[in-house]
Amino acid sequence: MPTSSTYRIVVCSCPSKQSAKAIAEKVLRARLAACVNISSPTTSMYWWDDHIHADEEVLLQIKTTVGCLEALFALVQQAHPYDVAELIAVPITEGSPDYLSWITQVTQS
């Protein structure tokens with residue numbers, strides 16, 4: 001049975017559905033994730049260049065393993081249109097054994 005400490009959900013904001021889909025496809029084709037969810041548009045408010053901004057963005061939720069994180073981050077940063085891409089890895093503390101095993105199977109080349 002896989003241990004849940006091996007798995008992560010990576011959150012990444014994108015400026016459009018098109019850029020989100022392009023990044024998701026690259027990540028999946030590289031086998032760095034088993035699944036990528038793309039959210040509906042949401043409003044993000046944040047500090048940038050000493051001002052508060054409010055923009056419409058979509059969020060990626062990328063299901064992956066700890067072993068894929070370094071390559072995943074590098075690929076997303078290279079493909080992302082932002083100067084500073086949001087890349088936050090959150091541990092999966094619990095999950096169904098079948099789902100976690102599937103993540104491992106899909107991300108191994």
Side-chain angles (χ1 to χ4, degrees):
M1 179 192 317
T3 62
S4 60
S5 63
T6 304
Y7 303 94
R8 297 291 183 269
I9 294 176
V10 175
V11 178
C12 178
S13 58
C14 295
S16 68
K17 188 82 84 170
Q18 295 84 354
S19 66
K21 284 182 176 180
I23 290 170
E25 186 168 340
K26 287 180 186 215
V27 166
L28 291 167
R29 288 194 182 279
R31 297 277 187 173
L32 296 174
C35 174
V36 180
N37 299 111
I38 301 172
S39 75
S40 297
T42 187
T43 301
S44 294
M45 295 185 69
Y46 56 93
W47 279 101
W48 189 254
D49 288 334
D50 214 21
H51 294 87
I52 294 176
H53 295 259
D55 291 308
E56 189 173 275
E57 294 183 306
V58 295
L59 295 177
L60 300 178
Q61 290 184 15
I62 304 166
K63 282 65 156 228
T64 192
T65 63
V66 169
C68 290
L69 282 179
E70 185 176 339
L72 173 73
F73 278 31
L75 186 150
V76 171
Q77 287 172 334
Q78 184 273 326
H80 206 286
Y82 289 166
D83 292 339
V84 179
E86 174 187 16
L87 286 165
I88 300 170
V90 180
I92 296 174
T93 59
E94 295 184 47
S96 77
D98 289 341
Y99 189 81
L100 298 178
S101 291
W102 172 73
I103 293 173
T104 298
Q105 291 168 6
V106 172
T107 58
Q108 291 180 346
S109 40

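Numbering of residues begins at 1 and proceeds along the displayed sequence.
When the side-chain contact (heavy atoms from CB on, under 4.5 Å) test is applied to E57, the partners found at least two apart in sequence or on another chain are S13, S44, Y82. Take A20 and apply the side-chain contact (heavy atoms from CB on, under 4.5 Å) test, not counting sequence neighbours, and it matches C14, I38, V58, L60. In this structure, the side-chain contact (heavy atoms from CB on, under 4.5 Å) partners of T43, at least two apart in sequence or on a different chain, are M45, A54. Taking A22 as the reference, nothing meets the side-chain contact (heavy atoms from CB on, under 4.5 Å) condition, with sequence neighbours excluded. Evaluation of the side chain to side chain donor-acceptor pair (under 3.5 Å) rule for Q61 yields no partner, not counting sequence neighbours.
The list of side-chain hydrogen bond (donor to acceptor under 3.5 Å, both in side chains) pairs with a residue in residues 64-75, not counting sequence neighbours, is empty. For residues 10-28, the set of pairs meeting the salt bridge (Lys or Arg N to Asp or Glu O under 4.0 Å) definition, not counting sequence neighbours, comprises E25-R29. Applying the ring-ring contact (aromatic ring centres under 6.0 Å, His included) test to every pair with at least one member in residues 24-52, sequence neighbours left out, gives these pairs: Y46-H53.
Two different hydrophobic clusters hold I23 and V11 under the rule that ILVMFWY side chains link at heavy-atom gaps under 4.5 Å. Taking hydrophobic clusters as Ile, Leu, Val, Met, Phe, Trp and Tyr residues chained together by side-chain heavy-atom distances below 4.5 Å, V36 shares a cluster with L32. Y99 is connected to I92 through a chain of hydrophobic side-chain contacts under 4.5 Å among Ile, Leu, Val, Met, Phe, Trp and Tyr, so both are in one cluster.
Going from atom CG of L87 over to atom CZ of F73 covers 5.0 Å, rounded to the nearest 0.5 Å. One finds the CG atom of L72 at 9.5 Å from the CD atom of Q77 (value rounded to the nearest 0.5 Å). Between atom CH2 of residue W102 and atom OG1 of residue T107 there is a gap of 9.5 Å, rounded to the nearest 0.5 Å. Note that CD1 of I9 is 9.5 Å distant from SG of C35, once rounded to the nearest 0.5 Å.
Of the possible donor and acceptor atoms, none in the side chain of R8 sits under 3.5 Å from a partner among the backbone N and O of L69. Checked by atom type and distance alone, the side chain of S101 never pairs as donor or acceptor with a backbone atom of D98 at under 3.5 Å.
Here the closest non-hydrogen pair linking Y7 and V66 is N-CG2, 4.4 Å. Taking every heavy atom of both residues into account, L28 and A33 meet most closely at CD2-O, 3.5 Å.
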query = Could you go step by step and tell me if T42 and E56 meet the side chain to side chain contact (heavy atoms under 4.5 Å, CB included) rule?
reply = CA-CA 5 Å; T42 187; E56 189 173 275; over 6 Å; no
task = Might you work through the side chain to side chain contact (heavy atoms under 4.5 Å, CB included) test for V27 and I62, ending with a clear yes or no?
result = CA-CA 9 Å; V27 166; I62 304 166; 4.1 Å; yes
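Within the 4.5 Å cutoff, side-chain heavy atoms of P15 are placed close to those of P81.
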